[in-house]
Chemist: 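Right, I'll just put the structure down here and ask away after.
Letters A, B, ... mirror the listed sequences (proteins, then strands); counts begin at 1. FYI, side chains are in, hydrogens and waters are out, and symmetry mates aren't considered; it's all heavy atoms of this structure.
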Number of protein chains: 2
Amino acid sequence: MTTSPLTVAEPSTPSFSPLYQQIKSLILQSLHAGEWKPGEPIPSEIDLAARFRVSQGTVRKAIDELSAENLVVRRQGKGTFVATHAEQHVQYRFLKLVPDSGDVDAEGPAEREIVDCKRQRASADVARALSLRTGDAVLQVRRVLAYRGTPTILEELWLPGTPFKGLTAERLTAWHGPMYALFETEFGVRMVRAEEKIRAVLPDASQAALLAVATSTPLLSVERVAYTYHDTPMELRRGLYRTDTHHYRNDLG
Amino acid sequence: MTTSPLTVAEPSTPSFSPLYQQIKSLILQSLHAGEWKPGEPIPSEIDLAARFRVSQGTVRKAIDELSAENLVVRRQGKGTFVATHAEQHVQYRFLKLVPDSGDVDAEGPAEREIVDCKRQRASADVARALSLRTGDAVLQVRRVLAYRGTPTILEELWLPGTPFKGLTAERLTAWHGPMYALFETEFGVRMVRAEEKIRAVLPDASQAALLAVATSTPLLSVERVAYTYHDTPMELRRGLYRTDTHHYRNDLG
DNA sequence: TAGTGGTCTAGACCACATA
DNA sequence: ATGTGGTCTAGACCACTAC
């Protein structure tokens, strides 16, 4: 391999990027462009090395980082696959609420009920969170999640109208499996990371009714913005969690 | 380098560990044993490679993982250093409470006030969290953290008595800087990771008084167990956070 | 100038999966 | 038997830091 790779890293260029970073970003582009679909394998390291005219080790390091960011999944002997929310053991990718007792349990809420799903115009704060303009079309979904008959999570979420054109309450209700898997397979929107802001709040009367608690019951307010590739916000979610029998679990490295 | 390394990895042994994992665990032992103190450099990759009779690349991969776990810090051209809570920009290693407004702010609470610090016997739940026996000696500390004069965090923490013999309210009050830095320099206890359980609660009368809020104000209850090397729990901390002007920020990968 | 970590390469062998 | 990712090595060169 003596010929030059795609982009020769100029020595002492002000903005310099290691070769493997350039390769990583090329692979990221292909992921985003949908060259390989979620769940499918990407080309082998050797193939990618040939394609980009670099060594296998350089491709390896690029994939190492993509793997660390959960964008791809390596499987020894089989290949490297585009990460997907479907076919994944974990039902709820970003949900950190777990029962106080069971730990190995690892089960998410069993019952889901869509309260409603309607198109509307983005309010100022929703628009800001989703990088839209106030008044742009958005989809609003409300639902309740229950553990063993006990309603525990009240969720309200907003999606940008354009990418999610055609999403209805019926399709949501008919869908069994992770909501993010539906977004992925039906709308080509893959959530890759999220930010949450957590507060303690008291519910208003309607919220309390949906969760079957008193309005004096403190609840966890979890506001999540989920992003797809290139840090594009694609979902705003506001959840109210009951924390009398469950808690939000967080690991700090 | 043709001679065998420390432990020859037997082929097809039931429990097999890659060489670099073995090296990592050897380095970890030295870290735990205090062979290199926090803030000090560890030997260069080449030296470690010679010491363990493996290639530099293998040592490199071991250090890569230690670095990803924040146990060491690499500095190009200078060396690899044992991570430390002192001399670190971040004042509060595990605190995720940030002002609603400021983001770049990155400032922790400016004022700290030790409410009290006393020796006592571990209750059942404190003992369980710290892997002690009920009745074992523990130190209990209570303090209030304030942002610009507004008390915002009420913290109650328990430390195992033996490793922290000699810790008093005076020493805590006299100490300026991160509490974990004091633990590190004065007691040789370095916290490397933590787990938090978060709930929404209402304060009792005394808690409300210390935070200057009504007993009807919902607060974030953050229970943290911090671990030193080898997953040994060394601190139980229960915090009550006001979330009217601040929020708990979490990034989900 | 010397030493450190950072990048890149090339090749060997291993473990795993599949046909 | 073949192809995949996983490990390990050895050596080259680069960038940063210190003396």
Side-chain angles (χ1 to χ4, degrees), chain A residues 1-27 36 40-68 71-83, chain B residues 1-27 36 40-68 71-83:
Chain A
M1 200 66 50
T2 57
T3 55
S4 64
L6 302 185
T7 303
V8 179
E10 310 284 331
S12 28
T13 286
S15 64
F16 154 82
S17 171
L19 236 198
Y20 75 90
Q21 288 283 6
Q22 300 176 35
I23 302 302
K24 176 185 172 187
S25 123
L26 288 174
I27 297 176
W36 316 298
E40 289 179 3
I42 70 175
S44 75
E45 296 178 352
I46 292 176
D47 289 351
L48 288 171
R51 166 162 162 185
F52 297 129
R53 298 175 152 280
V54 298
S55 78
Q56 186 196 358
T58 301
V59 170
R60 182 160 198 75
K61 185 144 187 183
I63 295 182
D64 276 347
E65 296 209 347
L66 292 171
S67 172
L71 296 178
V72 299
V73 177
R74 321 184 84 136
R75 265 177 265 184
Q76 182 171 142
K78 300 179 70 173
T80 301
F81 299 78
V82 183
Chain B
M1 200 66 53
T2 57
T3 55
S4 63
L6 302 186
T7 303
V8 179
E10 310 282 332
S12 26
T13 286
S15 64
F16 155 81
S17 171
L19 235 198
Y20 75 88
Q21 288 283 6
Q22 300 176 34
I23 302 302
K24 176 185 172 189
S25 124
L26 287 174
I27 297 176
W36 316 299
E40 290 178 3
I42 70 175
S44 76
E45 296 178 352
I46 291 177
D47 288 351
L48 288 171
R51 164 163 164 184
F52 297 130
R53 300 175 149 280
V54 297
S55 78
Q56 186 194 0
T58 301
V59 170
R60 183 162 197 72
K61 184 144 187 182
I63 295 182
D64 276 347
E65 296 209 346
L66 292 171
S67 172
L71 296 179
V72 299
V73 176
R74 321 186 83 137
R75 264 177 266 185
Q76 184 172 144
K78 301 180 71 174
T80 302
F81 298 77
V82 183

Chemist: Between A/P18 and B/Q56, who's closer to the 5' end of DNA chain C by nearest nucleotide?
Modeler: B/Q56
Chemist: To the side chain of B/L19, which of C/dG6, D/dT4, D/dC8 is closest?
Modeler: D/dC8
Chemist: Are B/R60 and C/dG6 close enough that a side-chain N or O sits under 4.0 Å from OP1 or OP2?
Modeler: yes
Chemist: Ignoring backbone atoms, test whether B/R75 places a side-chain nitrogen or oxygen under 4.0 Å from the OP1 or OP2 oxygen of D/dT17.
Modeler: no
Chemist: Whole angstroms only, please: what is the OH-P distance between A/Y20 and C/dG6?
Modeler: 9 Å
Chemist: For A/K24 and C/dG6, give me the distance from atom NZ to atom P, rounded to whole Å.
Modeler: 16 Å
Chemist: Using whole Å, what does the distance between atom P of nucleotide D/dC8 and atom CG of A/D64 come to?
Modeler: 14 Å
Chemist: Looking only at non-hydrogen atoms, find the nearest pair between B/A62 and B/Y20 and report the distance.
Modeler: CB-O, 3.4 Å
Chemist: For a quick test of reading the model: is some side-chain N or O of B/K61 closer than 4.0 Å to OP1 or OP2 of D/dT7?
Modeler: yes
Chemist: Output the rounded distance in Å from CZ (B/F52) to C1' (D/dT9).
Modeler: 18 Å
Chemist: Can you figure out which of D/dG5, D/dC8, C/dC8 approaches the side chain of B/T58 most closely?
Modeler: D/dC8
Chemist: With heavy-atom distances below 4.5 Å as the criterion, would you say the side chains of A/L19 and A/F52 are in contact?
Modeler: no
Chemist: Hey, which sits more toward the 5' end of DNA chain C by its nearest nucleotide, A/Q76 or A/Q21?
Modeler: A/Q21
Chemist: Out of D/dT9, D/dT7, C/dT9, which has the shortest distance to the side chain of B/V54?
Modeler: D/dT9
Chemist: Quick check on D/dT4: is either OP1 or OP2 less than 4.0 Å from any side-chain nitrogen or oxygen of A/S44?
Modeler: yes
Chemist: If we ignore hydrogens and angles and just use 3.5 Å, is the side chain of B/Q22 paired with the main-chain N or O of B/S17 as donor and acceptor?
Modeler: yes
Chemist: Expressed as a whole number of angstroms, how long is the span from B/I46:CD1 to C/dA2:P?
Modeler: 14 Å
Chemist: Roughly, in whole Å, what's the span from CD in B/E45 to P in D/dA10?
Modeler: 15 Å
Chemist: Is B/R74 positioned over the aromatic face of B/F81, cation under 6.0 angstrom from the ring centre and no more than 45 degrees off axis?
Modeler: no
Chemist: Mind calculating the distance between CD1 (A/I42) and C1' (D/dT4) to the nearest angstrom?
Modeler: 12 Å
Chemist: So, do A/L48 and A/I63 sit near enough that their side-chain heavy atoms are less than 4.5 Å apart?
Modeler: yes
Chemist: Should B/T80 be listed as having a side-chain N or O under 4.0 Å from OP1 or OP2 of C/dG5?
Modeler: yes
Chemist: So, is A/K78 close to the C/dT18 phosphate, meaning a side-chain N or O under 4.0 Å from OP1 or OP2?
Modeler: yes
Chemist: Could you state the CZ-C1' distance from B/R74 to D/dT17, rounded to the nearest angstrom?
Modeler: 16 Å
